[in-house]
Amino acid sequence: MTIYIGTPTTRAFDTAYVRSLFATHLQRQAVFDVVEGQAIDVGRNAICRRFLDHPVHAEWLLMHDSDATWHPEAVERLISRNLPMVSAVIFQRGLPPRPTAGQFYGRGVAGEYNYDFGKTI
């Protein structure tokens with residue numbers, strides 16, 4: 001069984017992300033994919049397309065942001081749920097920790113993608 005790990009990023013990987021990635025305990029083969037220099041949502045879409053078209057069939061697609069960290073057993077715990085889709089909760093930086101989700105609200109004058117991260121789950 002294979003897991004396809006995709007990371008969209010607009011910058012270099014944070015050291016904490018790399019440490020989490022190397023410390024991850026996996027009981028299966030992994031394929032790693034990165035999309036750099038695109039808006040995050042565009043990068044996610046590209047990773048999804050490549051996951052679906054990849055010659056090695058992977059049972060799972062896992063998206064990680066390049067500034068995220070996780071427990072070494074987190075990936076296997078998510079997979080062990082044996083559900084068609086599982087998501088971890090993402091927390092806002094700073095205190096108090098608040099779970100957040102961003103909402104796309106348009107493009108700016110310079111063509112940048114704008115999101116509202118103020119809404120909480």
Side-chain angles (χ1 to χ4, degrees):
M1 293 192 262
T2 303
I3 183 166
Y4 194 97
I5 300 173
T7 304
T9 186
T10 58
R11 59 184 177 191
F13 291 140
D14 286 354
T15 303
Y17 168 86
V18 175
R19 284 187 187 133
S20 285
L21 188 61
F22 279 111
T24 299
H25 300 159
L26 292 176
Q27 299 174 6
R28 61 202 80 249
Q29 179 184 353
V31 174
F32 188 68
D33 191 8
V34 176
V35 173
E36 298 177 273
Q38 301 284 328
I40 297 300
D41 59 329
V42 173
R44 286 192 199 290
N45 288 339
I47 288 168
C48 286
R49 280 191 300 277
R50 295 196 305 221
F51 164 72
L52 293 171
D53 293 339
H54 200 273
V56 174
H57 174 71
E59 288 78 15
W60 299 277
L61 169 61
L62 175 67
M63 292 277 194
H64 269 297
D65 288 348
S66 63
D67 62 350
T69 60
W70 56 95
H71 186 277
E73 300 293 333
V75 175
E76 290 295 333
R77 287 191 301 216
L78 288 169
I79 291 171
S80 74
R81 306 282 189 206
N82 201 26
L83 295 168
M85 182 181 291
V86 180
S87 176
V89 178
I90 313 262
F91 287 89
Q92 187 176 25
R93 285 192 183 107
L95 296 173
R98 294 188 314 173
T100 62
Q103 180 178 1
F104 176 71
Y105 66 89
R107 294 183 73 167
V109 177
E112 73 277 11
Y113 292 82
N114 295 311
Y115 296 87
D116 178 3
F117 293 102
K119 297 181 181 1
T120 59
I121 300 172

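Side chains included, hydrogens not; waters and symmetry mates left out as well; all remaining heavy atoms used. Remember, predicted model here, so these are calculated numbers, not experimental data.
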Output the distance between atom [atom1] ([X]) and atom [atom2] ([Y]), rounded to the nearest 0.5 Å.
| X | Y | atom1 | atom2 | result |
| --- | --- | --- | --- | --- |
| Leu62 | Ile3 | CG | CD1 | 4.5 Å |
| His57 | Phe51 | NE2 | CZ | 6.5 Å |
| His71 | Thr24 | NE2 | OG1 | 10.5 Å |

For this session: Heavy atoms only: give me the nearest Pro72-Ala23 pair and the separation to one decimal.
Result: CB-O, 3.2 Å

Problem set entry | Considering all heavy atoms, the nearest Ala16-Thr69 contact | CB-CG2, 3.5 Å

Is it the case that one hydrophobic cluster holds both [X] and [Y], taking links as side-chain heavy atoms less than 4.5 Å apart, direct or via other members?
| X | Y | result |
| --- | --- | --- |
| Phe22 | Val75 | yes |
| Ile5 | Trp60 | yes |
| Leu61 | Leu52 | yes |

For the residue pair [X] and [Y], establish whether any side-chain heavy-atom pair is separated by less than 4.5 Å.
| X | Y | value |
| --- | --- | --- |
| Gln38 | Glu36 | no |
| Phe32 | Thr7 | yes |
| Arg28 | Thr2 | no |
| Gln27 | Met1 | no |

Problem set entry | side chain to side chain contact (heavy atoms under 4.5 Å, CB included) partner of Ser66, the single match among Asp14, Thr9, Leu21 | Thr9

Exercise. Can you tell me if Arg50 uses its side chain to pair, donor with acceptor, with the backbone of Val34 under 3.5 Å?
Worked result: yes

Which pairs would a plain distance check flag for residues 77-86, meaning a side-chain donor or acceptor within less than 3.5 Å of a matching protein atom at least two apart in sequence or in another chain?
residue, atom, partner, partner atom, Å
Ser80, OG, Arg77, O, 2.7

For this session: Mind telling me whether Tyr17 and Trp70 have parallel, tilted or perpendicular rings, with 30° and 60° as the class edges?
Result: perpendicular

